Amino acid sequence: MQNDSLKTLVVEALDDLKAKDVTQLDVSRLTSVTDLMIVASGTSTRHVAALADHVVQQAKANGVQPLGVEGQAGSDWVLVDLGDLVVHVMLPETRQLYDLERLWADLPSDSERQQEHGEA
């Protein structure tokens, strides 16, 4: 599945269950681990878990097998790894604490880090 199609699928899955404050972060120039992160908030731990589960179900229904799902036990932050796209579903207070949007905006790219360390 192409990144744009996968992004649309994830955003629609989150919208289906009324995720709050859905944000897309293009991190392709910052890391080789993934190209896009989608961050969304749920209103309770049950809502966070349901949102993440719905993303997983929709991905599988469209032929995308998640590489991993982390955080389901506590459900204040659940990460769904879809390879080129990583989904973070969090409680608002957890999202505010970790502030992924600011964290990723402030990071230097992989190539900038390599230049700093004298790597080719």
Side-chain angles (χ1 to χ4, degrees):
M1 181 174 265
Q2 297 290 341
N3 282 355
D4 286 340
S5 299
L6 185 58
K7 176 177 68 172
T8 300
L9 177 118
V10 168
V11 169
E12 287 176 356
L14 292 168
D15 189 53
D16 287 347
L17 296 185
K18 309 292 188 242
K20 306 289 183 194
D21 303 319
V22 178
T23 302
Q24 300 173 30
L25 306 172
D26 182 349
V27 296
S28 59
R29 66 175 187 81
L30 300 173
T31 182
S32 58
V33 174
T34 192
D35 291 337
L36 183 67
M37 289 189 189
I38 295 180
V39 183
S41 296
T43 57
S44 67
T45 54
R46 280 192 142 162
H47 190 214
V48 167
L51 287 164
D53 187 55
H54 191 58
V55 168
V56 169
Q57 289 175 11
Q58 292 301 307
K60 286 181 178 179
N62 285 276
V64 177
Q65 185 63 38
L67 301 176
V69 179
E70 299 291 332
Q72 290 173 306
S75 295
D76 61 330
W77 180 357
V78 180
L79 179 145
V80 180
D81 185 350
L82 299 171
D84 290 338
L85 189 153
V86 174
V87 183
H88 298 272
V89 185
M90 311 165 123
L91 289 175
E93 52 271 15
T94 304
R95 186 171 178 175
Q96 183 178 6
L97 177 67
Y98 290 98
D99 199 4
L100 295 180
E101 292 91 338
R102 186 192 53 77
L103 174 72
W104 281 97
D106 292 347
L107 283 179
S109 68
D110 282 348
S111 60
E112 289 169 336
R113 282 192 296 274
Q114 287 173 349
Q115 288 175 353
E116 287 174 7
H117 297 318
E119 300 171 14

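None of these values were measured; they are calculated from a predicted model.
Note that the CG atom of Asp76 and the CG atom of Leu91 stand 5.5 Å from one another [nearest 0.5 Å]. A distance of 8.0 Å separates OH in Tyr98 from CE in Met90, rounded to the nearest 0.5 Å. A distance of 9.0 Å separates CG in Leu97 from CG in Asp99, rounded to the nearest 0.5 Å. Summarising the geometry, atom CD belonging to Glu101 is positioned 11.0 Å from atom CD belonging to Gln96; distances are rounded to the nearest 0.5 Å. Rounding to the nearest 0.5 Å places CG of Leu85 at 8.5 Å from CD of Gln24. Taking CG of Leu17 as the start and CD of Gln58 as the end, the distance is 9.0 Å to the nearest 0.5 Å.
Side-chain contact between Gln65 and Lys60 is present, with at least one heavy-atom pair separated by less than 4.5 Å. Side-chain contact check for Asn3 versus Asp35: some heavy-atom pair is nearer than 4.5 Å.
Applying the side chain to side chain donor-acceptor pair (under 3.5 Å) test to pairs two or more places apart or on separate chains, those with a residue in residues 7-22 are Asp16-His54. Listed by first and then second residue, the side chain to side chain donor-acceptor pair (under 3.5 Å) pairs that reach into residues 36-53 are Ser41-Arg95, Thr43-His47, Asp53-Gln57, sequence neighbours excluded.
The shortest non-hydrogen separation linking Val55 to Val10 is CG1-CG2, 4.2 Å. Residues Trp77 and Leu100 approach most closely at CZ2-CD1, 3.9 Å, considering heavy atoms. Heavy atoms only, all atoms of each residue included: Gly71 and Val78 are closest at O-CG2, 3.6 Å. Between Leu30 and Trp104 the shortest heavy-atom distance is CD1-O, 3.0 Å. Heavy-atom minimum distance, Leu14 versus Ala40: CD1-CB, 4.0 Å. Considering every non-hydrogen atom in both Ala19 and Leu51, the closest pair reads CB-CD2, 3.8 Å.
Clustering ILVMFWY residues whenever any of their side-chain heavy atoms sit less than 4.5 angstrom apart, transitively, puts Val27 in a cluster other than the one holding Leu67.
Among Leu82, Val39, Val56, Val69, the single residue meeting the side-chain contact (heavy atoms from CB on, under 4.5 Å) criterion with Val87 is Leu82.
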